[in-house]
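Scope of the values below: all heavy atoms of this structure, side chains included, with no hydrogens, waters or symmetry mates.
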Amino acid sequence: MFNIISYLFFLFISSYITIDVGRRCYNAGKDYLEYLIHDKVLCLTINRILLGCYYLINLGYIAINVTYWEKVNNMEQLLTVTAIRIGYIVLVLCVLHYINIFALYFLRKNLTIK
């Protein structure tokens, strides 16, 4: 019973975090991309592709996370295991965010040199 509750709790929170962060990065990314690339159509296309890839990677990671779940026997384990798994999701989101920022920065740097 505790496993099912922890699965539902984890899926709800991690899906909410993923969707909310994705929406915020998509909206804020428009201005950042336009500053870097100076082409609105290309920026919108890149931003949509990044959002799609972001959702696929994170939802896949969430699904894999559920398959490797330990057996939860009490409320303390439920909170501990769920908090650790949600922490991993947040760390993955952070790493992906910074990879995107640096990749776009270096892309812009390479485009201006040529």
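- Taken to the nearest 0.5 Å, the CZ atom of Phe2 stands 6.5 Å off from the CG atom of Asn74.
- If you chain together hydrophobic residues whose side chains sit under 4.5 Å apart, Ile64 and Leu11 never meet in one group.
- Applying the salt bridge (Lys or Arg N to Asp or Glu O under 4.0 Å) test to every pair with at least one member in residues 28-42, sequence neighbours left out, gives no pairs at all.
- Under the ring pair (Phe, Tyr, Trp, His ring centres under 6.0 Å) criterion, no residue pair touches residues 12-33, with sequence neighbours excluded.
- Applying the salt bridge (Lys or Arg N to Asp or Glu O under 4.0 Å) test to residues at least two apart or on different chains, none of the pairs has a partner in residues 53-68.
- Here the OG-CD1 distance, from Ser14 to Ile19, works out to 9.5 Å after rounding to the nearest 0.5 Å.
- Residue Ile4 is found in a hydrophobic cluster whose other members, listed by chain and number, are Leu8; membership requires side-chain heavy atoms under 4.5 Å apart, directly or through intermediates.
- Rounding to the nearest 0.5 Å gives a distance of 10.0 Å between CD1 of Ile86 and CG of Asn65.
- Counting only residues at least two apart or in different chains, salt bridge (Lys or Arg N to Asp or Glu O under 4.0 Å) contacts with residues 45-58 are absent.
- With sequence neighbours left out, Arg24 forms a side chain to side chain donor-acceptor pair (under 3.5 Å) with Asp20.
- Within the structure, ring pair (Phe, Tyr, Trp, His ring centres under 6.0 Å) pairs that include any residue of residues 43-81 comprise Tyr7-Trp69, Phe10-Trp69 (at least two apart or interchain).
- When the salt bridge (Lys or Arg N to Asp or Glu O under 4.0 Å) test is applied to Glu70, the partners found at least two apart in sequence or on another chain are Arg85.
- Between atom OG of residue Ser15 and atom CG of residue Asn58 there is a gap of 10.0 Å, rounded to the nearest 0.5 Å.
- For Thr82 against Ser6, the heavy-atom pair with the smallest separation is OG1-CB, 3.6 Å.
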Let me have the donor-acceptor pairs involving side chains of residues 88-98, under 3.5 Å, with sequence neighbours excluded, atom names and distances please.
none

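- Ile49 belongs to no hydrophobic cluster, as no Ile, Leu, Val, Met, Phe, Trp or Tyr side chain comes under 4.5 Å of its own.
- Residues passing the side chain to side chain contact (heavy atoms under 4.5 Å, CB included) test with Thr80 are Glu76, Ile84, sequence neighbours excluded.
- Rounded to the nearest 0.5 angstrom, Asn73 CG and Leu78 CG are separated by 10.5 Å.
- A search for side chain to side chain contact (heavy atoms under 4.5 Å, CB included) contacts involving Leu50 returns Ile46, Asn100, Leu104, not counting sequence neighbours.
- Leu42 contributes atom CG, which lies 10.5 Å from atom CG of Asn47 (distance to the nearest 0.5 angstrom).
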